[in-house]
Amino acid sequence: MELMPFESHSIEFPDGTRTMPGEPLLRDSALCRASLRSLATFCPIEDPANPPRVIDLGCREGGFALEFAKAGYEVLGLEARESNVARCRLVQDAHDLPNLSFVVDDARFVGSYGRFDAAFCCGLLYHLDRPVEHVMALGAITDRLLILNTHYADFPPSPYFALSEMTEHEGVLGKWYVDLPPGVSLEEMEASRGASWGNEHSFWVERRHLLETIRRAGFDMVLEQHDFLDDIPQEAPSWWDEQQRSQFLGVRTAAVVAAV
Ligand SMILES: C[S@@+](CC[C@H](N)C(=O)[O-])C[C@H]1O[C@@H](n2cnc3c(N)ncnc32)[C@H](O)[C@@H]1O
């Protein structure tokens, strides 16, 4: 099978073709395995004929959406860039999964797609200029579980990212990040396939404010999931100090307990 180049999600098709030959497969990553564990724990498939609905926001090349669909969930991947969704459609065409679909849209319009049992928001929040509004929007459409993997801002500056001073925006503390060059054209924005969409500056919410934002969005249990790292003892300190990134879970416990 002839493929357009993939740059992020290493996927193996049923015929053995790989999107990124030589690269470790996304399905084997600690992040993918951990996210599937969260889904199985807080959003289990009780009736395979009527599986929970999952939305994958900013789904890029479709690798996580594919793994969730292979696990039996009804999955919608939402992604702003046509060029990324073209790759998602290749993934979709190569697999016989009627429970997997993709849509080109801005995550700001997530409210147009109905209700979901779980929302997977990985690598997107720190590309938005109104992240609090987005977490609130996810709270409004998600019945059980939010999986939020994101950078956040902390008081000691990250050595890796050039962020502004800590400042207030949307009623929370955080730092601004220049995501796209000033005056970027539509073509250039489309070509920056992992960056923000429609905003040149993104706002990274301060960690404690982020935790509280998840709770305010309606998730009464807020957890941090460390097993998305390959090696917690060795990697974790550098991730927190350098990357200032983690995986957070918001759970609506009433829905989960009632479902068990
Ligand atoms: C860093 S990548 C993360 C991709 C994927 N979720 C992952 O973890 O591998 C960010 C993705 O979000 C998409 N994106 C950025 N802003 C978006 C928006 N406002 N609406 C929808 N997608 C957006 C980008 O096109 C890109 O595919």
Side-chain angles (χ1 to χ4, degrees), residues 4-11 19-20 23-36 38-39 54-69 75-91 100-113 116 118-138 141 146-152 160-161 177-181 184 186-204 225 228-229 239 243-248:
M4 53 182 95
F6 279 53
E7 60 185 37
S8 178
H9 290 181
S10 174
I11 299 166
T19 58
M20 299 176 71
E23 295 294 325
L25 291 169
L26 177 143
R27 70 173 180 224
D28 298 328
S29 66
L31 170 57
C32 185
R33 307 312 308 166
S35 302
L36 281 165
S38 294
L39 284 173
V54 178
I55 185 163
D56 178 359
L57 296 134
C59 65
R60 191 100 193 236
E61 294 167 344
F64 290 101
L66 171 67
E67 294 308 317
F68 302 157
V75 183
L76 176 65
L78 181 150
E79 165 59 49
R81 288 183 167 81
E82 299 268 2
S83 53
N84 284 336
V85 175
R87 288 160 174 84
C88 293
R89 299 218 189 284
L90 272 181
V91 171
L100 175 63
S101 55
F102 294 99
V103 64
V104 184
D105 205 349
D106 190 320
R108 293 169 178 92
F109 303 120
V110 66
S112 318
Y113 296 94
F116 294 87
F120 179 70
C121 183
C122 179
L124 172 67
L125 198 73
Y126 58 85
H127 287 304
L128 300 177
D129 54 353
R130 297 193 61 80
V132 171
E133 195 171 275
H134 187 63
V135 175
M136 293 299 163
L138 295 185
I141 57 148
L146 168 65
I147 303 176
L148 180 61
N149 189 305
T150 187
H151 290 291
Y152 48 80
Y160 283 104
F161 301 101
Y177 174 70
V178 179
D179 217 313
L180 289 167
V184 66
L186 192 58
E187 291 71 29
E188 288 164 338
M189 194 163 73
E190 181 68 49
S192 301
R193 289 182 34 222
S196 61
W197 182 260
N199 52 290
E200 292 171 2
H201 296 84
S202 310
F203 192 70
W204 293 23
Q225 183 177 17
F228 81 97
L229 300 171
W239 262 87
Q243 295 290 321
Q244 302 190 343
R245 179 171 185 151
S246 198
Q247 179 142 311
F248 304 99

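The analysis underlying the following values was restricted to heavy atoms, covering all of them including side chains, and did not include hydrogens, waters or symmetry mates. We count ligands from 1, going down the list as the structure has it; atoms in each ligand are counted the same way.
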contact_flag Leu31 ligand 1 heavy-atom lt 4.0 Å: no
Under 4.0 Å to a heavy atom of Leu128 - the qualifying atoms of ligand 1, by number: 19 (N)
Worked verdict on His9 versus Phe64 for side-chain contact (heavy atoms from CB on, under 4.5 Å): CA-CA 8 Å; His9 290 181; Phe64 290 101; 3.9 Å; yes
CA sep, side-chain torsions, deciding dist, call: His201, Asp129, side-chain contact (heavy atoms from CB on, under 4.5 Å): CA-CA 6 Å; His201 296 84; Asp129 54 353; 5.8 Å; no
Nearest-contact summary for atom 19 (N) of ligand 1 - protein heavy atom, Å: Asp106 OD1, 3.0 Å
Ligand 1 atoms in contact with Arg108 (distance to a heavy atom under 4.0 Å): 19 (N)
Within-4.5 Å side-chain heavy-atom neighbours: Thr19 and Arg87: no
Partner of His151 under ring-ring contact (aromatic ring centres under 6.0 Å, His included), chosen from Trp239, Phe161, Phe248: Phe161
Minimum-distance pair of heavy atoms, taken over all atoms of Ala137 and Val110: CB-CG1, 4.1 Å
Atoms in ligand 1 flagged as close to Asp105, the criterion being non-hydrogen separation under 4.0 Å: 20 (N), 21 (C)
Polar contact flag for Ser8 and ligand 1 (N/O pairs, less than 3.5 Å): no
Part of Asn84 within contact of ligand 1 (heavy atoms, under 4.0 Å): side chain
Candidate pair Leu128 and Phe203, rule side-chain contact (heavy atoms from CB on, under 4.5 Å), full reasoning: CA-CA 6 Å; Leu128 300 177; Phe203 192 70; over 6 Å; no
Protein contact to atom 9 (O) of ligand 1 [nearest heavy atom, distance to 0.1 Å]: His9 NE2, 2.7 Å
Short N or O distance, Ala80 and ligand 1, threshold 3.5 Å exclusive: yes
Identity of the nearest option to atom 16 (N) of ligand 1, non-hydrogen atoms only, from Trp197, Phe109, Phe120: Trp197
Which atom of His127 lies closest to which atom of Asn199, heavy atoms considered: O-ND2, 2.9 Å
Val75 backbone acceptor or donor facing Asp56 side chain under 3.5 Å: no
Closest protein heavy atom (residue, atom, distance) for atom 17 (C) of ligand 1: Leu124 CD1, 3.4 Å
side-chain contact (heavy atoms from CB on, under 4.5 Å) between Phe120 and Cys59, intermediate numbers included: CA-CA 9 Å; Phe120 179 70; Cys59 65; over 6 Å; no
Under-4.0 Å heavy-atom contact with ligand 1, by part of His127 that carries it: side chain
Shortest protein contact, atom 20 (N) of ligand 1 (heavy atom only): Ala107 N, 2.7 Å
Ala195 touching ligand 1 at heavy-atom level, < 4.0 angstrom: yes
Protein heavy atom at shortest distance from atom 3 (C) of ligand 1: Cys122 O, 3.6 Å
Centroid-centroid under 6.0 Å between Tyr126 and Tyr177 rings: no
Arg81 N/O to ligand 1 N/O under 3.5 Å: yes
Polar side chain donor-acceptor pair, Glu61 to Ser8, under 3.5 angstrom: no
Arg81 side-chain N/O to Gly194 backbone N/O, donor-acceptor pair under 3.5 Å: no
Any Phe64 heavy atom less than 4.0 Å from ligand 1: yes
Check against side chain to side chain donor-acceptor pair (under 3.5 Å), Gln225 and Ser38: CA-CA 9 Å; Gln225 183 177 17; Ser38 294; 2.7 Å; yes
Residue portion contacting ligand 1 (non-hydrogen atoms closer than 4.0 Å) for Asn149: neither
Closest protein heavy atom to atom 27 (O) of ligand 1, given as residue, atom name and distance to 0.1 Å: Glu79 OE1, 2.7 Å
Short N or O distance, Leu78 and ligand 1, threshold 3.5 Å exclusive: no
Tyr126 contact mode with ligand 1 (heavy-atom cut-off under 4.0 Å): side chain
Residue selection (non-hydrogen contact nearest atom 5 (C) of ligand 1) among Gly198, Gly58, Gly123: Gly58
Arg193 and ligand 1 - part of the residue with a heavy-atom distance under 4.0 Å: backbone
Backbone N/O of Arg60 and side chain of Glu79: donor-acceptor pair under 3.5 Å: yes
Gly194 near ligand 1 by a heavy-atom separation under 4.0 Å: yes
